[in-house]
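Let me begin by presenting the structure, written as structure tokens, before commenting on it.
Basis for what follows: all heavy atoms, side chains included, without hydrogens, waters or symmetry-related copies. The first residue in the sequence is number 1, and the count goes up from there.
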Amino acid sequence: MKSAKSYIEQNKDRFLDELIELLKIPSISADPAYKNDVLKTAEAVKVQLEKAGCDSVEICETPGYPIVYGEKIIDKNLPTVLVYGHYDVQPPDPLELWTSPPFEPVIKETELHPEGAIFARGSCDDKGQMYMHVKALEYMTETNQLPCNVKFMIEGEEEVGSESLGWFISRNREKLANDVILISDTGMISKDTPSITTGLRGLSYVEVEVTGPNRDLHSGLYGGAVANPINILAKMIASLHDENNHITIPGFYDDVEELSKEEREKMAETPFNLKDYEKALDIDSVYGEKGYSTNERNSIRPTLDVNGIWGGYIGEGAKTVIASKAFAKISMRLVPDQNWEKITELFKNHFESIAPKGVRVKVKPHHGGTAYVTPIDSLGYRAAEKAYEETFGKTPIPQRSGGSIPIVALFEKELKSKTILMGFGLDSDAIHSPNEHFGVWNYFKGIETIPQFYHYFTEMSK
Ligand code: BES
Ligand code: MN
Ligand code: MN
């Protein structure tokens, strides 16, 4: 029987070329100008799933972008793995900070990736990681080693809130029935410290608008006499954290799950070097909520961050003006057991209540999602653990991540199965940033590890 390692070795150039072709299509779900490219990407994923051995693949229409669904059912009595991933990507801006164009993939060496890394938008998040599953399936079918049934559900709206996926799931519960959900859309600690993501944060995303006078004003003639929406917005935002960096919205922490002393001690054992962390980001110090470590701040604690702020004059030179309006986009990362709709409401009420006389405030909710924590004693987790032991020679460390894949909580609710997050990216892969990349080593390691998961999951289900 051929090992995954030797199969990868024999096909490595093609595995890279195919991914590079997929990365060339700018499937930016947030920008309607790229609609045709998003649709083209769905077609490309369909073709590749067929080639990799799925019996049937369909492009399922939704109110938004389509979902690519494929399956290979070998025996109804065997377990079924449902693979989820996304073919859409984040916008590449700011373009000028890319060292090579975002949709012209190139392989370059980096300090952490001496074997080379593919630089392109979506290389790690999530085309590269999703495609590992396609190639793992190819290996298993080509070498007659697929031990169980497999279903693929690859969506095109993850980066904009997965609205159509919720719609699709509620209408296709039977079709999507499975024993475990497998996702590679997260990261791991490092190449020699494998980890499995056991938690994702929830999210509440809002946009705020502060309106002052009915038109832009001369800042000399009116300055000092009317509320400046930008000054006011800055002040309101600043007041959302206190001197300990706690969030000041009344009721915000009411439902936050507090970890036990033991759980926090266990977390503190996770390998982490503060100096390296600071150095990698070129900061002289980390910053955050008092009483919590960096690893806690970015995983088990809720946050509030401004993602964008604008208003007034930002062109060349100076223009003396008091703008009529100021805006900001704000995200709150949530933890178990916060309810995102409740948090959105609390934010709205609070933000409106702190607006001084002289301005009007509007809060527009965008989207949200629930946090997720997967147990480490489930069949799926234990199978994944064994898979990593096989290919990394080490037991993976369970680690809660700060990122969000809002649909995962819905999977559990609607499909009643656990999700296993086998991520192979590194924090330094710059997802959502300029120069996103994915290590060639990581790509192949994923393709090697995934079949082991199928093997152990099937074995352990017996
Ligand atoms: N793959 C990421 C989420 C992620 C990355 C989780 C790394 C854990 C580790 C996903 O594509 C993403 O970017 N999610 C968004 C949420 C979405 C609603 C826009 C996020 O976390 O900002
Ligand atoms: Mn992703
Ligand atoms: Mn993303």
Side-chain angles (χ1 to χ4, degrees), residues 30 91 93-94 96-97 201 203-253 281-292 294 297-298 301-334 338 340 343-368 402 404 432-434:
D93 326 60
E96 65 279 12
L97 295 183
R201 284 195 284 195
L203 187 70
S204 162
Y205 203 106
V206 298
E207 193 169 316
V208 300
E209 179 189 298
V210 176
T211 306
N214 58 4
R215 58 187 166 91
D216 288 5
L217 302 174
H218 189 289
S219 67
L221 292 180
Y222 289 94
V226 296
N228 177 331
I230 303 178
N231 293 9
I232 300 290
L233 176 60
K235 212 164 154 177
M236 289 171 72
I237 288 170
S239 79
L240 297 175
H241 290 91
D242 69 12
E243 66 285 4
N244 293 324
N245 277 312
H246 288 297
I247 295 156
T248 55
I249 300 169
F252 186 84
Y253 291 98
L281 300 176
D282 250 322
I283 50 176
D284 57 8
S285 171
V286 291
Y287 183 91
E289 189 184 3
K290 195 175 170 188
Y292 294 92
T294 297
R297 288 170 179 170
N298 68 22
R301 297 297 295 168
T303 61
L304 183 153
D305 277 295
V306 179
N307 294 250
I309 182 163
W310 68 100
Y313 182 70
I314 54 165
E316 282 297 314
K319 178 185 180 192
T320 48
V321 67
I322 292 173
S324 163
K325 285 178 188 288
F327 305 84
K329 290 182 194 280
I330 297 175
S331 69
M332 289 163 276
R333 295 282 167 174
L334 310 177
Q338 288 178 295
W340 72 268
I343 293 292
T344 305
E345 196 58 31
L346 289 177
F347 176 90
K348 188 176 186 315
N349 292 340
H350 178 67
F351 207 71
E352 286 168 356
S353 80
I354 60 173
K357 275 214 168 85
V359 297
R360 278 159 291 146
V361 166
K362 264 193 216 155
V363 176
K364 186 174 124 201
H366 264 261
H367 55 262
S404 309
H432 294 205
S433 302

Do you know the tightest heavy-atom contact between [X] and [Y]?
X      : Y      : value
Thr248 : Asp242 : CG2-N, 3.7 Å
Ile343 : Gln338 : CD1-NE2, 3.6 Å
Asn245 : Gly288 : ND2-O, 3.3 Å
Gly212 : Pro229 : N-CG, 3.5 Å
Ile354 : Ser239 : CD1-OG, 3.6 Å
Ala227 : Pro213 : O-CD, 3.8 Å

How long is the straight-line distance from [atom2] of [Y] back to [atom1] of [X], given to the nearest 0.5 Å?
X      : Y      : atom1 : atom2 : answer
Ser324 : Asp216 : OG    : CG    : 6.0 Å
Lys235 : Leu240 : NZ    : CG    : 13.5 Å
Thr344 : Met332 : OG1   : CE    : 5.5 Å
Leu346 : Ile247 : CG    : CD1   : 11.5 Å
Ile249 : Lys348 : CD1   : NZ    : 13.5 Å
Asn231 : Ile322 : CG    : CD1   : 8.0 Å

Is any side-chain heavy atom of [X] closer than 4.5 Å to a side-chain heavy atom of [Y]?
X      : Y      : answer
Phe347 : Ser204 : no
Pro302 : Arg333 : no
Thr211 : Val359 : no
Phe351 : Val208 : yes
His350 : Phe252 : no

Within the side chain of Asn228, is there an N or O that forms a donor-acceptor pair under 3.5 Å with the backbone of Ile230? yes
Is a donor on one side and an acceptor on the other found under 3.5 Å between the side chain of Asn298 and the backbone of Gly402? no
Ion pair check, Glu209 and Lys325, cut-off under 4.0 Å: yes
Salt bridge check: are Glu207 and Lys329 linked by an N-O gap of less than 4.0 Å? yes
Among pairs that include at least one residue of residues 303-319, which meet side chain to side chain donor-acceptor pair (under 3.5 Å), considering only residues two or more places apart or in two chains? Asn307-Ser331
Passes salt bridge (Lys or Arg N to Asp or Glu O under 4.0 Å), Arg301 versus Glu289? Steps please. CA-CA 9 Å; Arg301 297 297 295 168; Glu289 189 184 3; 2.7 Å; yes
Determine, stepwise, if the pair Val226 / Leu217 fulfils side-chain contact (heavy atoms from CB on, under 4.5 Å). CA-CA 10 Å; Val226 296; Leu217 302 174; 3.9 Å; yes
Over 12 foreign heavy atoms within 6.0 Å of OH, Tyr292: yes
Does Ile314 CD1 have over 12 foreign heavy atoms under 6.0 Å away? no
Can you tell me how the ring of Tyr205 sits relative to the ring of His367, calling it parallel under 30°, perpendicular over 60° and tilted otherwise? parallel
Those residues that, when tested against Ala234, pass side-chain contact (heavy atoms from CB on, under 4.5 Å) (two or more places apart): none
